[in-house]
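Notes to accompany the following structure.
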Amino acid sequence: MMDVAVATDSTAPGLDPDNALFLVELARRGLDARPVVWDDAAVDWSAFRLCVVRATWDYVLRRAEFLAWAERVAAVTRLGNDAPTLRWASHKSYLRDLDERGVHIVPTQFVDRGTPLSLAELMDARGWREAVVKPAVSASGRETFKAARGDLASAQERFERLVAAEDALVQAYMAGVTDSGEVSLVYIAGVYSHALRRRPAAGDFRVQGLYGGSIERVRPRTSELLVADRVLEAGPRGPLYARVDILEDGAGELRLNEYELVEPRLHFALCREAAARFADAVCGALRGTKEARVRAAAQEQA
Ligand SMILES: Nc1ncnc2c1ncn2[C@@H]1O[C@H](COP(=O)(O)OP(=O)(O)O)[C@@H](O)[C@H]1O
Ligand SMILES: [Mg+2]
């Protein structure tokens, strides 16, 4: 029996450098932990005591297959984050649930695949001069673009192509992103761990490094911690890891952009202690499973 499978994808079968720091901390604690490609058909998941989802980025284009995999794994071993959490968090319609539970999300119009919609009419109705269009199942700013009310011809075309293929979101543009960037608060086993601020390159609004964005570790403001704590409370119970991404609108109001519970980068390189904290949380989860087994065995004997 091996201890921990760290689920990755075939683009990084040996894990990315950041998650490798987590792997080292697991090894330091005497655990037999190894990266495993999630869609490798040869893997026997029941041979692991725990599977931690970390770098399964390529699920985005085949979510159903990924969720079926999660169910299969969960049937034979323990999975973190758990399968219902992965299902809920892998489609941005979860923002609607959080909105209903009182979280201030980025103002959003949810558009189901194949639904006709005029961006001009929507933006006029909601009073948006600028909007952002994105797929509902996404990562790394895939197919994400800005639309300005004065110049919608090509944006409308691009939006229609997107919605013909998949569910999408149209959101108010959070103008604070150019100066303040996006703040990410990382939680390990439900407890706040560290925070990062990512800023876009000049002329862009996407903060990802892929588009030239920069990143630094920051001390979060109290207001940001309050928003993030609120999100954790409103979301699924007991996530092993979580990242709350916050944007500011033009007036400096904080809005939830994303609640990441599937494959967020946790940026251990900028916070080494967090990799150790995460490994400790995994040890705790493993002790939990062992204790649960002992209890179950005792009950069976009684
Ligand atoms: N409504 C918005 N206003 C301003 N910038 C946005 C908005 N939505 C997304 N962005 C920018 O685009 C990036 C990618 O979008 P995001 O919603 O984080 O999706 P994902 O990370 O799943 O690709 C964000 O990190 C942010 O820089
Ligand atoms: Mg994001």
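Here, residue 1 is the first one in the sequence, and each next residue gets the next number. When a ligand or atom number is given, it counts from 1 through the structure's own listing order.
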Quick check: does any side chain N or O of N257 sit under 3.5 Å from a backbone N or O of I246, one acting as donor and the other as acceptor? no
Taking both backbone and side-chain atoms of E260, is any N or O found less than 3.5 Å from an N or O belonging to ligand 1? no
Carboxylate-amine/guanidinium proximity below 4.0 Å for E224 and R219: no
Can you tell whether the side chains of E143 and K134 come within less than 4.0 Å, N to carboxylate O? no
In ligand 1, the atoms that come under 4.0 Å of a heavy atom of S138 are 22 (O), 23 (O)
Identify, for atom 26 (C) of ligand 1, the protein heavy atom at the shortest distance, and state residue, atom and that distance. F205 O, 3.6 Å
Minimum side-chain heavy-atom gap L117-V163 below 4.5 Å: no
Geometric N/O contact R198 with ligand 1, under 3.5 angstrom: no
For atom 3 (N) of ligand 1, what is the closest protein heavy atom, and at what distance to 0.1 Å? M174 N, 2.8 Å
Can you tell whether the side chains of R54 and D16 come within less than 4.0 Å, N to carboxylate O? no
Does V132, backbone or side chain, put an N or O under 3.5 Å from an N or O of ligand 1? no
Kindly assign one of parallel, tilted or perpendicular to the pair W88 and Y94, based on the angle between their ring planes and the thresholds 30° and 60°. tilted
Which protein non-hydrogen atom lies closest to atom 13 (C) of ligand 1, naming both residue and atom, and how far is it? Q208 OE1, 3.6 Å
How far is atom 21 (O) of ligand 1 from the closest protein heavy atom, and which atom is that? E258 OE1, 3.0 Å
Nearest non-hydrogen protein atom to atom 22 (O) of ligand 1, with distance, is K92 NZ, 2.7 Å
Is a side-chain donor or acceptor of D112 paired with a backbone partner of T115 at a separation under 3.5 angstrom? no
Below 6.0 angstrom between ring centroids: does that apply to W128 and Y173? no
Which pair of heavy atoms, one from A147 and one from M123, lies closest together, and at what distance? O-CE, 3.7 Å
Starting from atom 23 (O) of ligand 1, locate the nearest protein heavy atom and write down its residue, its atom name and how far away it is, to 0.1 Å. G141 N, 2.6 Å
Shortest non-hydrogen contact from P239 toward Y259: CG-OH, 4.0 Å
Relative to ligand 1, is L247 under 4.0 angstrom through side chain, backbone, both or neither, heavy atoms considered? side chain
Under 2.8 Å from the Mg ion (ligand 2), which protein N, O or S atoms are there? Could you list them by chain and number? E258 OE1
Would you call R199 and E216 a salt bridge, taking side-chain N to carboxylate O under 4.0 Å as the test? yes
Using a 4.5 Å cut-off on heavy atoms from C-beta on, say whether the side chain of L162 contacts that of P135. yes
Need the ligand 1 atom indices (1-based, order shown) with element for anything under 4.0 Å from a heavy-atom of A139. 20 (P), 22 (O), 23 (O)
Does V207, backbone or side chain, put an N or O under 3.5 Å from an N or O of ligand 1? yes
Should the proximity of A175 to ligand 1, defined as any heavy atom under 4.0 Å, be assigned to the side chain, the backbone, both, or neither? neither
Atom 8 (N) of ligand 1: the protein heavy-atom neighbour that sits closest, reported with distance to 0.1 Å: K134 NZ, 2.9 Å
Quick check: N257 and ligand 1, any N/O pair under 3.5 Å apart? yes
Which atoms of ligand 1 are found less than 4.0 Å from any heavy atom of V106? 1 (N)
Using 4.0 Å as the upper bound for N to carboxylate O, is an ion pair formed by D167 and K92? no
Think R96 forms a cation-pi with F110, using NZ or CZ under 6.0 Å from the six-ring centre and within 45 degrees of its axis? yes
Name the closest protein heavy atom to atom 1 (N) of ligand 1, giving the residue it belongs to and the distance to 0.1 Å. A172 O, 3.0 Å
Find all atoms of ligand 1 within a distance of less than 4.0 Å from any non-hydrogen atom belonging to E182, and give their numbers and elements. 24 (C), 25 (O), 26 (C)
Using the ring of each side chain (for Trp, its six-membered ring), is F268 parallel, tilted or perpendicular to H194, with breaks at 30° and 60°? tilted
Find all atoms of ligand 1 within a distance of less than 4.0 Å from any non-hydrogen atom belonging to Y173, and give their numbers and elements. 3 (N), 4 (C)
Look at ligand 1 and say whether P200 reaches it with a heavy atom at a distance under 4.0 Å. no
Salt bridge present between D39 and R62 (N-O < 4.0 angstrom): yes
